[in-house]
Amino acid sequence: MRFKSVKGMQDILPEAEPYWRQVTATVQDTARRFGFEQISTPVLESTALFSRGVGEDTDIVSKEMYTFTDRAREGEQGESLTLRPEFTAGVMRAYIEHGMSSLPQPQKLYSVGPLFRREKPQKGRYRQLHQFNAEIIGSADPVADFEILLLSYSIYMELGLKNLRFQINSTGDPDCKPKYVAALKEYLAPYADKLAPTDRDRLQRNPLRVLDSKERETLPYLENAPHIIDYLNDDCRNHFHELLGYLDAAGIAYSINHRLVRGLDYYTKTVFELWGEGLGAQAALCGGGRYDGLVELLGGSPTPGVGFATGLERIIMSMQDAGIQPATLERPDYFIAYHGEAAKREAVKLITTLRMAGVGARVAFGGRSLKAQLKDADRMRCRYVLIIGEDELAGHTVALRDLSKSEQSSLPMDQVVNALKQRGHMAECEKRVD
RNA sequence: GUGCCCUUAGCUCAAUUGGCAGAGCGCCUGACUGUGGCUCAGGAGGUCACGGGUUCGAGACCCGUAGGGCACCCCA
């Protein structure tokens with residue numbers, strides 16, 4: 001039988017590596033410039049962490065988690081574990097567990113790695129996906145929100161992604177949010193029968209989500225729905241306007257989107273998304289917001305926080321769509337070919353010496369003809385071939401062929417290492433079409 | 001989870017009304033017994049996604065399953 005990768009999970013092949021290097025390096029370098037430090041939490045957490053932290057009623061928790069029961073010791077119940085579907089809950093758990101609230105506040109932390117959601121796969125949506133995540137924990141200042149927005153913005157600029165626009169809104173806090181929810185419910189009640197079935201359901205369970213609806217039947221009734229920002233209390237309103245002021249001053253384009261509420265339970269005040277082109281229905285490149293109640297909800301002391309996450313696969317697709325070429329990766333410039341058994345032993349000896357000296361090189365495998373070895377060197381885009389045959393063995397030399405110029409010279413064997421060290425021995429491969 | 005479309009060599013795709021499974025690219029070898037790219041010749045590579053059905057005969061028609069794509073739901 002032939003094995004296949006698990007549904008919705010894909011291999012990242014060497015040909016895609018330049019994109020991944022570029023994106024992960026850019027994301028991390030930018031975060032470090034902003035003063036963020038990396039935290040890596042386990043892929044597996046207690047199921048309860050997510051059901052509590054993300055919200056029992058969210059789609060992620062209610063139907064998209066990879067959950068299983070761990071092996072139990074005899075007579076005991078195995079623990080329920082879940083492959084993380086998002087970063088924030090795990091990072092907050094670590095923040096609390098390691099007493100990071102007694103470190104200088106706020107803590108600015110970022111993470112990169114795989115996440116798992118059991119959704120129906122399609123373009124830009126995978127069951128194993130990769131995200132970059134950044135959090136500022138321990139500050140309620142709108143400057144923290146601004147830094148998060150600016151970090152995501154800077155990352156896309158750095159990568160060459162343009163024409164992106166923030167969608168931004170405020171969802172209030174536990175004081176003013178309920179008042180808005182009541183007003184929204186009251187407004188929608190007369191139309192309840194005319195809403196799409198899923199929205200009728202939402203109106204009962206989580207009225208805010210109706211705003212997010214794309215259902216054709218529902219849309220007309222959302223036109224004149226009340227806006228949450230008209231219901232914000234002073235604290236939330238000031239926070240929102242201060243943040244917008246920073247964005248204006250920085251010249252970052254945004255649209256206030258009264259219908260943006262986002263799916264996760266823990267958001268308070270700021271919520272935002274950023275949309276890219278060419279991703280079909282999976283347009284969201286990044287999303288995030290403020291979650292002032294989350295640390296407390298997970299058992300820590302009341303601590304404000306704000307963060308965002310961005311999907312690396314979607315970034316890469318946007319880059320490919322925009323025709324952005326990643327930087328090429330280095331590869332060894334030297335290839336050692338040989339002719340004859342004695343020469344093969346000498347070749348292995350030489351490549352060992354070269355590598356010990358830090359010179360990048362590859363050596364031919366198999367008893368192939370010299371012709372085939374040269375062909376390999378060419379296809380592997382090595383520029384130089386060191387050739388050892390009977391003649392060279394006899395004269396204690398090595399032939400050095402420059403494939404780009406079809407020129408060949410001879411070097412004394414004992415000078416090879418020094419000569420190569422001086423020339424530089426790693427090259428960026430030529431542009432490739434992916 | 002729901003709906004529609006797709007699946008033939010490593011890749012991109014052909015195969016007429018149901019009648020011998022093919023091409024290009026890539027890979028290997030040789031022409032050139034120690035010298036790459038270009039050219040030419042030859043070769044390897046197939047459970048026609050899987051399972052069942054119809055038929056003298058199925059890659060093609062029918063049913064089911066899996067995987068992929070698109071949309072919905074939701075999100076990165």
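It should be emphasised that the depicted structure is a prediction, and the values quoted were computed from it without experimental measurement. Labels below follow one simple rule: chain letters A, B, ... track the order of the sequence lines, proteins then strands, and each chain is numbered from 1.
Between B:C27 and B:U12, the distance separating the two C1' atoms is 16 Å to the nearest Å. Comparing B:G69 with B:A49, their C1' atoms sit 15 Å apart, to the nearest whole Å. When the C1' atom is used for both B:G18 and B:U55, the distance is 9 Å, rounded to whole Å. Comparing the P positions of B:C25 and B:G43 gives an interatomic distance of 16 Å, to the nearest angstrom. With both ends at atom C1', the span from B:G36 to B:G30 equals 16 Å, rounded to whole Å. As rounded to the nearest Å, B:C13 and B:A9 have C1' atoms that lie 11 Å from one another. One C1' atom belongs to B:A23, the other to B:G46, and the distance between them is 15 Å to the nearest Å. Rounded to a whole angstrom, the distance from the P atom of B:U54 to that of B:G45 is 34 Å.
In this structure, the CE atom of A:Met317 is 12 Å from the C1' atom of B:G69, given to the nearest Å. The NZ atom of A:Lys120 sits 21 Å away from the P atom of B:A76 (whole-angstrom rounding). A:Phe272 places its CZ atom 14 Å from the C1' atom of B:C75, with the value rounded to the nearest Å. The separation between A:Phe335 atom CZ and B:U35 atom P is 16 Å, rounded to whole Å. Taking atom CD of A:Gln10 as the reference point, atom C1' of B:G69 lies 13 Å away to the nearest angstrom. For the pair A:Leu208 CG and B:C75 C1', the computed distance is 16 Å after rounding to whole Å. Taking atom CD on A:Glu64 and atom P on B:U2, their separation rounds to 15 Å, with Å as the unit. The CD atom of A:Glu15 sits 16 Å away from the P atom of B:G26 (whole-angstrom rounding).
Taking 3.5 Å as the limit, the base of B:G37 and the side chain of A:Arg379 contain no donor-acceptor pair of atoms between them. Between the base of B:C75 and the side chain of A:Arg314 there is a donor-acceptor pair shorter than 3.5 Å. Judged by distance alone, with hydrogens and angles left aside, A:Gln408 brings a side-chain donor or acceptor within reach of the base of B:U35, the pair sitting under 3.5 Å. You'll find a donor-acceptor pair under 3.5 Å spanning the side chain of A:Glu392 and the base of B:G34, going by distance alone. For B:G34, its base never sits under 3.5 Å from the side chain of A:Ser369 at any donor and acceptor pair.
Relative orientation of the A:Phe116 and A:Tyr66 rings is perpendicular, given thresholds of 30° and 60° on the angle between their planes. Ring pair A:Phe34/A:Phe36 is tilted by interplanar angle, where 30° to 60° counts as tilted.
If you check B:A71 for Watson-Crick or wobble pairing at under 3.5 angstrom, you find it paired to B:U2. Checking B:U8 for Watson-Crick or G-U wobble geometry (two distances, each under 3.5 Å) identifies no partner in any strand. When Watson-Crick and G-U wobble pairs are counted only if both distances are under 3.5 Å, B:G43 pairs with B:C27. Look at B:U33: it lacks any Watson-Crick or wobble partner with both distances under 3.5 angstrom. Across all strands shown, B:C56 pairs with B:G19; the Watson-Crick or G-U wobble distances both stay below 3.5 Å.
Ranking B:G67, B:G37, B:G69 by closeness to the A:Pro121 side chain, first place goes to B:G69. If you check B:C28, B:G34, B:G36 against the side chain of A:Glu390, the one that comes closest is B:G34. Listed candidates were B:C28, B:C72, B:U35. Nearest to the side chain of A:Lys371 is B:U35. Nearest to the side chain of A:His339, among B:G34, B:C70, B:C28, sits B:G34.
Dashed line: the shortest gap from a side-chain N or O of A:Arg381 to OP1 or OP2 of B:G36 is not under 4.0 Å. Between A:Lys7 and the phosphate of B:G67, there is a side-chain N or O to OP1/OP2 separation shorter than 4.0 Å. For B:G69, the OP1/OP2 oxygens have no side-chain nitrogen or oxygen of A:Arg125 closer than 4.0 Å.
Nearest-nucleotide positions on RNA chain B place A:Lys63 closer to the 5' end than the other of A:Lys63 and A:Thr310. Positionally, the nearest nucleotide of RNA chain B for A:Arg118 lies more toward the 5' end than for the other of A:Arg118 and A:Glu273.
If you check every strand for non-hydrogen atoms under 4.0 Å, A:Glu119 touches a base. A:Ile387 comes within contact range of at least one nucleobase, with a heavy-atom separation under 4.0 Å. The residue A:Arg383 sits apart from the nucleic acid: no heavy atom pair falls under 4.0 Å. Residue A:Phe132 is classed as having no contact, given no heavy-atom separation below 4.0 Å to the nucleic acid. In this structure, A:Gly288 reaches neither bases nor backbone, as no heavy-atom distance under 4.0 Å exists between it and the strands shown.
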Would you sort out whether A:Leu411 and A:Thr397 count as a side-chain contact (heavy atoms from CB on, under 4.5 Å), showing the intermediate values?
-> CA-CA 5 Å; A:Leu411 277 174; A:Thr397 61; over 6 Å; no
Please walk me through it: do A:Arg383 and A:Asp402 pass salt bridge (charged side-chain N to carboxylate O under 4.0 Å, His left out)?
-> CA-CA 6 Å; A:Arg383 180 168 173 189; A:Asp402 181 340; 3.2 Å; yes
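Annotation: A:Tyr334 is in aromatic contact with A:Tyr384 [ring centroid separation under 6.0 Å]. Ring centers of A:Tyr231 and A:Tyr180: under 6.0 Å apart, within the cut-off. Taking the six-membered ring where the residue is Trp, the centroids of A:Tyr110 and A:Phe132 are separated by under 6.0 Å.
Side chain of A:Thr47 to backbone of A:Ser80: a donor-acceptor contact under 3.5 angstrom is found.
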